[in-house]
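Input: a single structure, listed below in structure tokens.
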Amino acid sequence: MKEISVGNSVVEQFYAMEYGPAPEDSKETERWLDAHQRRFVHYIDGAWSKPASGEFFATNNPANGDKIADVAEANAADVDAAVAAARRALPAWQALGGHRRARYLYALARLVQKHSRRLAVLETIDNGKTIRESRDLDIPLAARHFYYHAGWAQLLEREFAGYRACGVVGQIIPWNFPLLMFAWKVAPALAAGNTVVIKPAEYTPLTALAMAELAMEAGLPPGVLNVVNGDGRVGALIAAHEDIDKIAFTGSTEVGRIIRKATAASTKKLSLELGGKSPFIVFDDADLDSAVEGLVDGIWLNQGQVCCAGSRLLVQERVAEALHEKIRARMKTLRVGSPLDKSVDIGAIVAPVQLERIRSLVDQGVAEGANCWQPETTLPAKGLYFPPTLLTGVHSTATVAQEEIFGPVLVSMTFRTPAEAVELANNTAYGLAASIWSESINVALDVASQVKAGVVWVNSTNLFDASCGFGGYRESGYGREGGREGMYEYLEPAWFDERPKHRPAAAAAQHAAPVADSQPIDRTVKQYIGGKQARPDSGYSFPVYGQDGAFIGEAPLGNRKDIRNAVEAARSAGKWAKTTAHARAQVLYYMAENLAQRRDEIAARLARMVGHAQAGAEVEQGIERIFTYAAWTDKYDGLVHNPPMRNVTLAMNEAIGVVGILCPDEAPLLAFLSLVLPAIAAGNTVVAVPSEKHATMMGDLYQVFDTSDLPGGVINIVAGRPAELAKTLAEHDDVDAIWSFRTAEDAMLVKTGSIGNLKQVWTNDRHSFDWFDGAQCDGRYFMRHATQVKNIWVPYGE
Amino acid sequence: MTIRHEEQAAHQVGAPSLELNGRPLEPNRRIPLNLDWVEEVRVNTSAVERRAATIDTRRSVKKQWQAAWLLRAIACMDLTTLSGDDSVERVKRLCAKARNPLQPHLVKGLGIEDLNLTTGAVCVYHAFVETAVKALEGTRIPVAAVSTGFPAGLSPLEQRVAEIRRSVEAGAQEIDIVITRAHVFNGDWQALYDEVAAFREACGPAHMKAILGTGDLLTLRNVARASLVAMMAGADFIKTSTGKEAVNATVPVSLVMVRAIREYAERTGFAVGFKPAGGIKTAKQALTWMYVMKDELGRPWLEPSLFRFGASSMLADIERQLEHFLTGRYSAAYRHPIA
């Protein structure tokens, strides 16, 4: 420095008024790396563990291409060792109880804070994100996540009574928020009493290893946390591992599909947090300058490598040009450069392949007619950089309007009315987040309620807190991270471990045996679609026999087209979700009334299939179950969260949409009601496939529905061969969730079939549900599966 | 070109041309009151606060850059004394400090002898204008007078206008007026416009800085609207506070005013200056405001013609930081002559 005279350069800068370099001092972190000889192995069973293969891979600094360290590459033997360690550690870890686990999580929170700068610098050199972000966002949010979940560990036994941990959890995390995603995954898993095998992304393995070291410092029992490294092949080993009970994945939708498929044959619980193309909606009454800053925090955070980035700007025509002008002016002041520089806004892209992908998508956008604008920015000569980019004049048909670019590229479209804004916002396969800018709370909340997204930010963007669940709709995945709902991803009902109880026999005694009619009138049972009885498209029927093998009647043999028609009817009945909960409850109560009125004849017909005792119990309990879900309809409320800022976050329990339900053979009537009722209570519409063996029963059911003011299309019933119908339903892209409570083969079939639109899947897996046990089937557990949580952030203040 | 405009141009020797995003600008002139524009204003408080909170986490200047920025803070400083116990000698001492804000060894050490660095102005009550003018003879340092019933601004209008005239006659080249806050609360934009326009008229060739009393206005939307009306009425600068309100210059308030200046420039082609005042005491705070000016408005708004700090104790902290820059040792306040 001293070769330039200080005085001269001060004078020069007095006129130039430039920012100059302001590098974060990375010496301490470099020292830490050196202390590890810049060579890291796995963390298994509480100790550093050499890779079985002896193979290492390099992790590089994307800001300059320099190698930072070598990291062990895992193979099957390493993954086996990690899973075995986790399995061994499980009993003792669970026996510790919530309070003891809370102490460990608290220690991890404190350790993250104590070593915050090392972790921040490490994150920045490994990932390329700016030091401001790693220092002010990633690390504090990670610490907060451990604190928050220390709290859930403490409260676990009381607040999650009746639940137990899943067991050994496999976690696969992405490179865009390496440490934060580590915290999001590990904290709830450990709080709930699981043990963990986690694989960081191969581009960014270092902070997870630093956390492993801190876990040792915290004295975390060996095997509770295991860290193995490597690329997608290691992820595949984890996803397919037989001794893992749950997989939690954050990453691309493409890999999410692979994991869904890879776990289809298993009973692993699965949560996926995938990609997005989140709308950023600006109304003409918005504070435009603040909206521009929202974009800076939205699409230009972390170089746009954010799954919930507000990448799709939807701006009301009247202010579009003004907003674009403001955006361009702001883009000129964004500083692109060394991520360790404290005055830099946009750092480096994580890897060459990502940079190439951004380039080619922008080129494609231009080729498809978009206007591309970039400020005059000098990019550093070395390293992986991409300038902030605005694409205007984009149509919804363009590739860049549909595909996730995962770079600092904003795509802009215009709309005229709020209705059109919603239509454009929802015109995507994704549904992760949305940002809505308007000074009118009426407009903002109205749009928030209609947008298909798991997280909605009003007049803000990219706000995160451990207390507010995060996760997507549609192909952005399922499951939530954070909040109470995030804990359920790592818990199962305790009764999963028990065998089903005996079905009550006594309840039916009071029902008289049916009197056989000597010459009954032929009864035709049809499919029930859109509130009408419909002949099966196939033109075939199949026979249904009684317990004694006697012919009872014929049921329609459904095919693909019946399913297609039923899904269409269910989709058209979407208004049901907007009907007030009170009104939905009235319909359910009315159903109970009508079922009660016809209890004897229905029980009599059912008795021929399942015997008097069970038939009586099914009808009696069925009436009660209808009451139960009529009661829940207006009581399964959301929550209001208070993250540490002036804000309310409204956690709304929303309907999922169209739910396909494959009903089991046992308790044909009661199980049908137990599954369909929570779905419609929550506002979903349903396509149900009844038990094939008892399909004629549907005739009684739809007569009850028909007389109960149930709007057509809310419940559709298609009988037939369940496996065939299940495949069509599971593969149908307009079905939002599929539940299978039949065989293991059916479960696998629907899981495999679900990957097309990544619909939510709920199956009984290896567990027998006791439909006669109200403790299992009467409540929140079912309502939770029938809903998805939308977190709407509403900062306030005048 | 009026005297006022020549004055403005003179301040810009070696400075960038007056422009915003490539568009050349002119000094402000009164325009008709545009009520639609005033009513259209939208300010989201939470969002403004979030942006304000990250301004100094997104920017940092170090070493010679920091030294240069702090020197510029001095050049943009209205060195101020506005106390009931002000006296002639106190004002003379202030003026001496304004002429030589840094000790010779710092000037030499920094190699900035040729800059002839002074503060941007000296700001006093009317009673001391003549004293200050005399004490600053031979320099280009203007004297600014607070006026119009400062700080409440509630004396009769004729008296307030007369006060301006007398200060200008006494040699003040800059007049810091205060608005009637009630006009803002009542949404009486016409009254506010008329008042500021009358003051501007009375200022004649002198620059006028309109103090909005933002701590009294309470909502950021009010701040934005009052800013626009003051600019439409011809204010050369808009200024946050008197320094006498419970809350004075804050970053969110400044951000709103600076954005109003930008919007006004974009729509009219006129440049208006900004002066945050009250509570800005440290070198670090000075840098925060300068980041706002540079990033929101651009380089021209780091010239004293378009940017001033209203400050009294900030200079002492800047001196300490500059000494640290030169010696590597932390300095003590008593080692620097007081203003």
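So you know, we letter chains A, B, ... as the sequences are listed, proteins then strands, and number each from 1.
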Starting from the C-alpha separation in whole Å, work towards a yes-or-no answer on salt bridge (charged side-chain N to carboxylate O under 4.0 Å, His left out) for B:Arg42 and A:Glu439.
CA-CA 7 Å; B:Arg42 298 283 185 275; A:Glu439 286 302 288; over 6 Å; no

Sort by residue number and list every member of residues 318-328 of chain A having a non-hydrogen atom under 4.5 Å from chain B.
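Answer by number: A:Lys326.
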
Tell me, side chain or backbone of [X] under 4.5 Å from chain B's heavy atoms, or both, or neither?
X: A:Leu137; result: neither
X: A:Lys342; result: both
X: A:Asp289; result: both
X: A:Ala16; result: backbone
X: A:Asn647; result: neither

Please enumerate all residues that pass side-chain contact (heavy atoms from CB on, under 4.5 Å) together with B:Thr282, with sequence neighbours excluded.
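Only B:Lys284, B:Gln285, B:Asp317 meet the side-chain contact (heavy atoms from CB on, under 4.5 Å) criterion with B:Thr282.
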
Among all residues two or more places apart in sequence or in another chain, which pass the side-chain contact (heavy atoms from CB on, under 4.5 Å) test with B:Lys108?
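Here the qualifying residues are B:Glu113.
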
Which atoms of [X] are under 4.5 Å from chain A, going by heavy atoms: the side chain, the backbone, both sets, or neither?
X: B:Leu302; result: side chain
X: B:Leu117; result: side chain
X: B:Ala224; result: neither
X: B:Gln66; result: neither

Hey, which of B:Arg262, B:Glu266, B:Glu263 has the most heavy atom pairs under 4.5 Å with chain A?
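Ranked by heavy-atom pairs under 4.5 Å with chain A, first place is B:Arg262.
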
Top residue by heavy-atom pair count (under 4.5 Å) with chain A, among B:Arg221, B:Glu296, B:Arg59?
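Answer, by heavy-atom pair count under 4.5 Å with chain A: B:Arg59.
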
Please determine if A:Glu376 and A:Lys332 form a salt bridge, counting it only when a charged side-chain N lies under 4.0 Å from a carboxylate O.
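No, A:Glu376 and A:Lys332 are not salt-bridged.
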
Salt bridge flag under 4.0 Å for residues A:Glu293 and A:Arg330
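Between A:Arg330 and A:Glu293 there is a salt bridge, with a charged N closer than 4.0 Å to a carboxylate O.
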
Top of A:Ala286, A:Ser343, A:Gly294, A:Ala329 for chain B proximity - count of heavy-atom pairs under 4.5 angstrom
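Greatest number of close heavy-atom pairs with chain B: A:Ser343.
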
Give the member of A:Met645, A:Arg335, A:Glu133 that has the highest number of heavy-atom pairs under 4.5 Å with chain B.
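Greatest number of close heavy-atom pairs with chain B: A:Arg335.
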
So, does A:Ser134 use its side chain to make a donor-acceptor pair with the main chain of A:Ala120 at under 3.5 Å?
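Yes; judged by distance alone, with no hydrogens or angles, the pair exists.
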
Do A:Asp446 and A:Pro418 have side chains that get closer than 4.5 Å, going by heavy atoms?
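The answer is no, as the side chains (C-beta and beyond) never meet within the 4.5 Å cut-off.
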
Beyond-backbone contact of B:Thr250 with B:Thr214, side-chain heavy atoms, under 4.5 angstrom:
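Result no, sub-4.5 Å side-chain heavy-atom pair not found.
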
Could you go step by step and tell me if B:Trp69 and A:Tyr19 meet the ring-ring contact (aromatic ring centres under 6.0 Å, His included) rule?
CA-CA 9 Å; B:Trp69 281 58; A:Tyr19 282 110; 5.2 Å; yes

Can a cation-pi geometry be assigned to A:Lys129 and A:Phe177, taking NZ or CZ under 6.0 Å from the six-membered ring centre and within 45° of the ring axis?
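Because its charged atom sits under 6.0 Å from the ring centre and within 45° of the axis, A:Lys129 does stack over A:Phe177.
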
Which residues satisfy the side chain to side chain donor-acceptor pair (under 3.5 Å) test with B:His105, sequence neighbours excluded?
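Checked B:His105 against side chain to side chain donor-acceptor pair (under 3.5 Å); matches are B:Glu323.
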
Which class fits the ring pair A:Trp457 and A:Phe464: parallel under 30°, tilted 30 to 60°, perpendicular over 60°?
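The rings of A:Trp457 and A:Phe464 stand perpendicular, inter-plane angle above 60°.
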
